[in-house]
2 protein chains.
Amino acid sequence: MSSPTQYSESELRAEGVRITRQRLAILHVLREANDHPRAEDILARARLQDQSVSQATVYRTLAVLEKAGTVLRNEFDGTGARFELADRTHHDHLIDLDTGAVIEFHSARIERLQAEIAAELGYDIEWHRLELYGRKTPD
Amino acid sequence: MSSPTQYSESELRAEGVRITRQRLAILHVLREANDHPRAEDILARARLQDQSVSQATVYRTLAVLEKAGTVLRNEFDGTGARFELADRTHHDHLIDLDTGAVIEFHSARIERLQAEIAAELGYDIEWHRLELYGRKTPD
DNA sequence: CTAGGTGCAAACTCTTTGCAGCTGA
DNA sequence: TCAGCTGCAAAGAGTTTGCACCTAG
């Protein structure tokens, strides 16, 4: 059983995830990224470090890391998944409609309200997704 | 320029949307549905009323109705869009992880908090997506 | 040594599009 | 009438998979 949020090689190995050259390259890309890259971007960047990485391996590795709790999958725009390391505390996303920039934020109050609403409906929340889409306020 | 939330034939016609046999069938399906159907489901149900409806027309009509503000597109599970008529007030979704059921809810407090958070980050929200994924609380 | 990982290319799913004929207003 | 809509089939984008070879542990 995997505990949440493993991202060091040794933790992953302890989970039975074999650490290969390709997986190291992909982990490296995720650690360096601060832009929620797509599979395609991850492939391109991983290849800078290790030419041999293939598309199939990127997808398979992302699936493995997602299951291990190392990686989070986002579907901001409906056109392809975007990934991030699950190495910080939980946060939601604000997407800038003009630039595509993704800003992370966290609100304990919203989280609390979500739990309250779910409780009123007779549910326990397992996870949630909150995305705000907006534009910079004019000065 | 389309005003939000048109869903009667006359309103749509006034927007320049031609009302065809196929579009009537699709609108009928959307009015009867209470389960956020996929394009595939909409096609199957529309064909019960009008055999001639094609997949291409379903997708094209959904795009037209979405632009007219008649239809909302959801991407709950990453595997294909799910649609609903935009005929009620804004709401968010709670997805039952065991049954797949989609429960609609609305919280003015959460909406307000979202606007506050965006304002703090210097943004005006255009739209947002909030989905809660959970299971029924055991008795 | 060998269970599991890999590259390649083909397959798959969902959605969009080009085209020639049809039809609502 | 005729701009816009339609069905069909092919194309696209993003992702997954079968297979034979490779490699971490």
Side-chain angles (χ1 to χ4, degrees), chain A residues 2 8-29 36-68 70-83, chain B residues 2 8-29 36-68 70-83:
Chain A
S2 70
S8 77
E9 280 89 32
S10 51
E11 283 170 312
L12 285 166
R13 223 174 325 238
E15 285 293 317
V17 175
R18 192 179 287 185
I19 302 301
T20 64
R21 212 161 22 91
Q22 294 87 340
R23 288 181 174 180
L24 277 175
I26 291 166
L27 279 167
H28 178 72
V29 168
H36 303 75
R38 306 167 173 288
E40 183 185 355
D41 305 317
I42 295 169
L43 173 61
R45 295 177 202 175
R47 276 186 164 154
L48 296 178
Q49 179 176 336
D50 180 344
Q51 284 259 358
S52 82
V53 179
S54 73
Q55 194 191 46
T57 291
V58 168
Y59 279 108
R60 284 190 279 229
T61 297
L62 288 169
V64 165
L65 295 180
E66 187 185 12
K67 194 178 297 182
T70 305
V71 153
L72 297 176
R73 175 187 302 263
N74 299 291
E75 306 268 356
F76 297 143
D77 36 24
T79 166
R82 300 179 58 173
F83 301 86
Chain B
S2 69
S8 77
E9 282 89 32
S10 51
E11 283 170 313
L12 285 166
R13 226 176 319 241
E15 285 293 317
V17 176
R18 192 179 287 186
I19 303 301
T20 63
R21 211 161 21 94
Q22 293 89 339
R23 289 180 175 181
L24 276 176
I26 292 166
L27 278 167
H28 178 73
V29 168
H36 303 75
R38 306 167 173 289
E40 184 186 355
D41 306 316
I42 294 169
L43 173 61
R45 295 178 201 175
R47 275 188 164 153
L48 297 177
Q49 179 177 332
D50 181 345
Q51 284 259 359
S52 82
V53 179
S54 74
Q55 193 190 46
T57 291
V58 168
Y59 279 108
R60 284 191 279 228
T61 297
L62 288 169
V64 164
L65 295 180
E66 189 185 11
K67 194 177 298 182
T70 306
V71 154
L72 296 175
R73 175 187 303 263
N74 299 109
E75 306 267 356
F76 297 142
D77 34 23
T79 168
R82 299 178 59 172
F83 301 86

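What you see below is based on every heavy atom in this structure, not just the backbone, and it leaves out hydrogens, waters and symmetry mates. Convention: sequence-line order gives letters A, B, ...; per-chain numbering from 1.
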Legend entry - salt bridge (Lys or Arg N to Asp or Glu O under 4.0 Å): pairs with one or both residues in residues 16-28 of chain A, sequence neighbours excluded: A/R21-A/D50
Inset, instruction - Taking ring-ring contact (aromatic ring centres under 6.0 Å, His included) as the test, write out the residues that go with A/F76, two or more places apart. - result: A/H36, A/H93
Inset, instruction - Using a heavy-atom cut-off of under 4.0 Å over every strand shown, decide if B/A63 touches base, sugar-phosphate, or nothing. - result: nothing
Legend entry - Atom-to-atom span, CD1 of B/I42 to C1' of C/dC14 - whole angstrom: 13 Å
Inset, instruction - Could I get the full list of side-chain hydrogen bond (donor to acceptor under 3.5 Å, both in side chains) partners for A/E66, not counting sequence neighbours? - result: A/R73
Inset, instruction - Mind checking salt bridge (charged side-chain N to carboxylate O under 4.0 Å, His left out) for A/R13 and listing every partner two or more places apart, or none if nothing turns up? - result: none
Inset, instruction - Please check the phosphate of C/dT6 (OP1 and OP2 only) for any side-chain N or O of A/S52 closer than 4.0 Å. - result: no
Legend entry - Interatomic distance, B/N74 CG vs C/dC14 P [rounded to whole Å]: 16 Å
Inset, instruction - Rounded to the nearest angstrom, tell me the gap between atom CZ in A/R23 and atom C1' in C/dG7. - result: 14 Å
Legend entry - Distance in angstrom units between B/D50 CG and D/dC5 C1', rounded: 13 Å
Inset, instruction - Round to the nearest Å and state the distance from B/E40 atom CD to C/dT16 atom P. - result: 15 Å
Legend entry - Contacts of B/R82 that satisfy salt bridge (charged side-chain N to carboxylate O under 4.0 Å, His left out) - sequence neighbours left out: none
Legend entry - DNA chain C: 5'-proximal contact among A/V58 and B/R82 (nearest heavy atom): A/V58
Legend entry - Which residues share a salt bridge (charged side-chain N to carboxylate O under 4.0 Å, His left out) with B/D41, sequence neighbours left out: none
Inset, instruction - Please name the pair of heavy atoms, one in B/A39 and one in B/F83, separated by the smallest distance, quoted to 0.1 Å. - result: N-CE1, 4.0 Å
Legend entry - N/O (side chain, A/Y59) to phosphate O (OP1/OP2, D/dT15) under 4.0 Å: yes
Inset, instruction - Go through the structure and list residues passing side-chain hydrogen bond (donor to acceptor under 3.5 Å, both in side chains) with A/R47, not counting sequence neighbours. - result: none
Legend entry - Distance test, side-chain N/O of A/T61 to OP1/OP2 of C/dG5, below 4.0 Å: no
Every protein N/O lying under 3.5 Å from an N/O of nucleotides 18-21 of chain D:
from   : atom 1 : to    : atom 2 : distance (Å)
D/dG18 : O6     : A/R60 : NH1    : 3.3

Could you list, one pair per line, each protein nitrogen or oxygen that sits under 3.5 Å from a nitrogen or oxygen of nucleotides 23-25 of chain D, together with the distance?
from   : atom 1 : to    : atom 2 : distance (Å)
D/dT23 : O2     : A/R18 : NH1    : 3.3
D/dG25 : OP1    : A/R13 : NH1    : 3.2
D/dG25 : OP1    : A/I19 : N      : 3.2
D/dG25 : OP2    : A/R13 : NH1    : 3.3

Inset, instruction - With sequence neighbours left out, write down each residue that passes side-chain hydrogen bond (donor to acceptor under 3.5 Å, both in side chains) with B/T79, or none if nothing qualifies. - result: none
Legend entry - Difference in axis direction between the ends of the helix from C/dC1-D/dG25 to C/dA25-D/dT1, five pairs, 10°: 40°
Legend entry - Atom pair CG (A/L12) and OG1 (A/T70), whose distance is rounded to the nearest 0.5 Å: 4.0 Å
Inset, instruction - Might you work through the side-chain contact (heavy atoms from CB on, under 4.5 Å) test for B/I26 and B/L43, ending with a clear yes or no? - result: CA-CA 8 Å; B/I26 292 166; B/L43 173 61; over 6 Å; no
Inset, instruction - Report the distance from atom CG of B/L43 to atom C1' of C/dT13, rounded to the nearest whole Å. - result: 15 Å
Inset, instruction - Take atom CD of B/E15 and atom C1' of D/dA3, then tell me their distance rounded to the nearest Å. - result: 18 Å
Inset, instruction - Measure the distance from CD on A/E66 to C1' on D/dT15 and round it to the nearest whole Å. - result: 13 Å
Legend entry - Those residues that, when tested against B/R60, pass salt bridge (charged side-chain N to carboxylate O under 4.0 Å, His left out) (two or more places apart): none
Legend entry - Given C/dT16, D/dT15, D/dG7, the nucleotide with the shortest approach to the side chain of B/Q55: C/dT16
